[in-house]
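Just so it is clear: chains get the letters A, B, ... in the order the sequence lines come, proteins before strands, and each one is counted from 1.
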Amino acid sequence: MDRYAKVVVRSNTVHTDNLFTYKVPEFLIEELKEGHRVLVPFGRGNKPVEAFVFEIINYLEEDIKTKEIVDVLDEEPIFRSEELDLVKWMKNRYLCTYIDCINLIYPKGYKLNNYKVATISDDLKKLNDTQLKEFIINLDEKYQQVIELIEKNKGKVKVEKLKFIPNINNILDRMNKNNIISLHWEYKDHKNEKKVCYLALTMEDEEIDEYVKANKINLGSKQKEIINFLKYNKDVEINDAMEILNVSKKSITSLHDKKLITLRLEDYYRNPESIYTSSYKEINLNEEQRYAINKITSEMFDENKKPYMIHGVTGSGKTEVYMEVIDYALNQGLDSIVLVPEIALTPQTIDRFKNRFGDIVGVFHSQLSEGQKHDVYKAIKAGKVRILIGARSALFAPFNSLGVIIIDEFHETSYKSEKNPKFSAIEVAKYMALKKDVSLVLGSATPSIDEYYKAKQDEYKLIEIKSRANKKPLPKIEVVDMKNELNVGNKSIFSFRLQQEIKEAIKNKNQVILFLNRRGYASFVSCRKCGYVFQCDNCDISLTYHKRNNVGRCHYCGYEKEIPKECPDCGSTYVKPFGVGTQKIEEELKDIFEDIKVLRMDKDTTSKKGSLEEILNKFKNQEAQVLIGTQMLSKGLDFENVTLVGILSADMILNFPDFKSFETTFQLVTQVSGRAGRSDKEGIVILQTYDTDHYAIRRAINYDYEGFFDDEIKIRKVFGYAPFNNMISVVISGANENLVKQNAQNMYDSIIYLLQNRGINNFEFILGPNPCSISKINQNYRWQILFKDDNIEINLLKGIIKYICITKRDVVFNKDVNVSIDINPNNVL
DNA sequence: AGCACGCCGACT
DNA sequence: GTCGGCGTGCTC
């Protein structure tokens, strides 16, 4: 019986984002499985490309011509059927391509390179040397050049290496047609796996000297050293040997040539103990923690269990709960995934897991190279890594028996991807939990409003932890009204109250954390006379002033320019920086408190590898009294000597033009406050704001999450925001402003037309087209249309957007504009 | 997208 | 008739 395979072809465009049907050749019928990686001829030139088998069928659904699969690329399928389902689900949910999803869940451990080659045609090969020479001499000069190059390259040359010849494609075409050369595609399948080389002697220790003598082998002193070393050390890694003995690779290969040693290649990852033994440590868990652990572990093998949401105040010991749950799972033979918001910011968490569980803890994040990712995947498949800590992409790790997924600080925006596929790790985790019966645990001190609403609707089992693990109360938050500070003549960024508390903390040898949501020195530079504001040349963004080298820097594209003394517009010298950034805080702090030691933690000081750890260690070792930082500070840092937290301006986040800004304010205030008083010392928080009456501030200072939730959910309901509606953002961008605008309008008109055809005449759920809040990034103008699934079924809405933006893309949009679809985006800038 | 192919004008 | 360049349309 005939067999056919429906495959997804590796080609990075939406135009080929379909399932293609290929005939399965006779010799592969037995072997080929769904999830296999195969090689198929694609396009008119039958270019060999990598493809992924999604389905195997034994009849053709319609009368289409098919080509045959060339070969299967790996012994085993790389995807299980549940992973294929996940790809299909994500593609549909986030309106992205198959390949976007495949790239996400399968690190490119293998690289398939294809290239076109030219060889002498079979006809010419039949000629003898003199005939050939005569034939060539009569050819066009350019033809001769090509043949020369082919012969120089041992009868075969890559077409891409001939590109320096003008009009080469035409020349090759004609030579091909005239049967002078033949053109065809070749490929190479690279395995991108890291291997380690081990050395060992080929014979017993005693025999070796005799063998050397008997065969009269000359050994250099270095070579003798290696042999002696190997007598006493078994299985030496080649790099170690080279380093310890200070020998070159040449000496080692030469010993190998003399058949005295063997070289053995093995997979890169270390061999940790693969059998897990629980290292019992007395941990004092409080009743609430124990309840949470019991609840989750007792239901681990229940079918159709709901996901859990742990709402625990800052410092409530959620990590201990996670670790106990994971420990239980391990003892039951189940593996775990722990998602953290940003791997770089959580060295403390990783340390805690490694201390407790040892070598079976793996780390995974997007900054790893493709090869490194592949190594981690292999270790997971081999059962050598059983707990994986990572950013959102760690969710797709190929565990054989996954039992637990934990998402820590799940309210963080980093769980939503900004690039294709623009997935939400929480949504995907829920999908996976449902399909695989995994225990999913979301934890946060400040749950996002939409998920908490769902918890109240019984989609989650809500577990509350209301007391801190150290039994200390949460630090008191004191509000300072900055309007009054101005009235009493304090123009400084620091209120008198905050200054007083800083003094007090330093006197008592305690530490201080100051939080400000903006890096740099000043938020913008402008001319006091004419109001000119320095802007980025590439983006619609004002430049942030960085005092050290007197430049304005764009925080979107990195553009920098020197700030002149005179206004480029009116020529006046009243050019001044406005607003405050972390740099300015540092400067002003040093003005007020002489001899104070300050550390600054923001994107500017932590961009170098290892610099974050350095800053954290310095602060931990009390080398500085004050740590100034941005958002980064809110993410789970634990310093026992911090007694004072200063929030310098809560308004900055509050006034952000986004519907989630109140939620973000509440979360940041709560999280940052939670950094104080984490050990035996009690903490205090000073919060400075101009808007003392705002409910986000009032609720936050009382740690009243429920109250904030009640206030906020009413507003969300009235305006139809999440969780009551989904929001879909379509951004059209391009270098030509008019074209972008026109295309946005074109899309709007097409959508309206389709909706009217379906009898829908109320378009209030569509906003736009409008220029984006940030109307230009990197020389690209941006227009936006926003949709809410108000009065329209989400799948109908998505179907229409998909039809316009993907299926009919070429008709609706110019090829020079870029169309980006985001389902429930983090922000709508 | 990326590739092959076909059409057309220029030039010998 | 040949060369060089560009526009077009399809991909199992």
>> With a 4.0 Å limit, can you tell me whether A:Lys177 has a side-chain N or O closer than that to the phosphate oxygens OP1/OP2 of B:dC5?
In response: no
>> Can you tell me which nucleotide in C:dC12, B:dA1, C:dG4 comes closest to the side chain of A:Phe42?
In response: C:dC12
> Within this structure, what is the CG-to-P distance between A:Asn114 and B:dC3, rounded to whole angstrom?
Replying inline: 8 Å
> How do A:Asn46 and A:Arg809 order along DNA chain B: which one's closest nucleotide is nearer the 5' end?
Replying inline: A:Arg809
> Which one, C:dG9, C:dG4, B:dA1, comes nearest to the side chain of A:Arg44?
Replying inline: C:dG9
> Between C:dT11 atom C1' and A:Asn12 atom CG, what is the distance in whole Å?
Replying inline: 14 Å
>> If you compare every side-chain N and O of A:Trp185 against the phosphate oxygens of B:dG2 (OP1, OP2), does one of them come in below 4.0 Å?
In response: no
> Aromatic rings A:Tyr431 and A:Trp89: how do their planes relate, parallel, tilted or perpendicular, breaks at 30° and 60°?
Replying inline: parallel
> In whole Å, what is the span from the NZ atom of A:Lys116 to the P atom of B:dC3?
Replying inline: 8 Å
> Do we see a donor-acceptor contact under 3.5 Å between the side chains of A:Asn58 and A:Tyr4?
Replying inline: no
> Tell me: CG of A:Asn170 to C1' of B:dG9, nearest whole Å?
Replying inline: 14 Å
>> In this structure, how many angstroms lie between the P atom of C:dT11 and the OH atom of A:Tyr22, rounded?
In response: 10 Å
> Does A:Lys6 count as lying over the ring of A:Tyr22, i.e. NZ or CZ under 6.0 Å from the six-ring centre, within 45 degrees of the axis?
Replying inline: no
> So what does A:Thr66 hit on the nucleic acid, given a heavy-atom distance under 4.0 Å: a base, only sugar-phosphate, or nothing?
Replying inline: sugar-phosphate
> Is any side-chain N or O of A:Asn167 closer than 4.0 Å to OP1 or OP2 of C:dG5?
Replying inline: yes
> Are side-chain N/O atoms of A:Tyr94 and A:Glu427 paired as donor and acceptor at under 3.5 Å?
Replying inline: yes
> Base, sugar-phosphate, or nothing: which does A:Lys47 touch, judged by heavy atoms less than 4.0 Å apart?
Replying inline: sugar-phosphate
>> Distance check needed: C:dG4 P versus A:Arg174 CZ, whole Å only.
In response: 7 Å
> Would one find a side-chain N or O of A:Lys65 under 4.0 angstrom from OP1 or OP2 of C:dT11?
Replying inline: yes
> Is the centre of the A:Tyr106 ring less than 6.0 Å from the centre of the A:Tyr377 ring?
Replying inline: no
>> Without decimals, in angstroms, what is the distance between A:Lys815 NZ and C:dT8 P?
In response: 11 Å
> Hey, which of these two, A:His15 or A:Gly45, hits DNA chain B nearer its 5' end, going by closest nucleotide?
Replying inline: A:His15
> In whole angstroms, how far is the P atom of C:dT11 from the CD atom of A:Glu50?
Replying inline: 22 Å
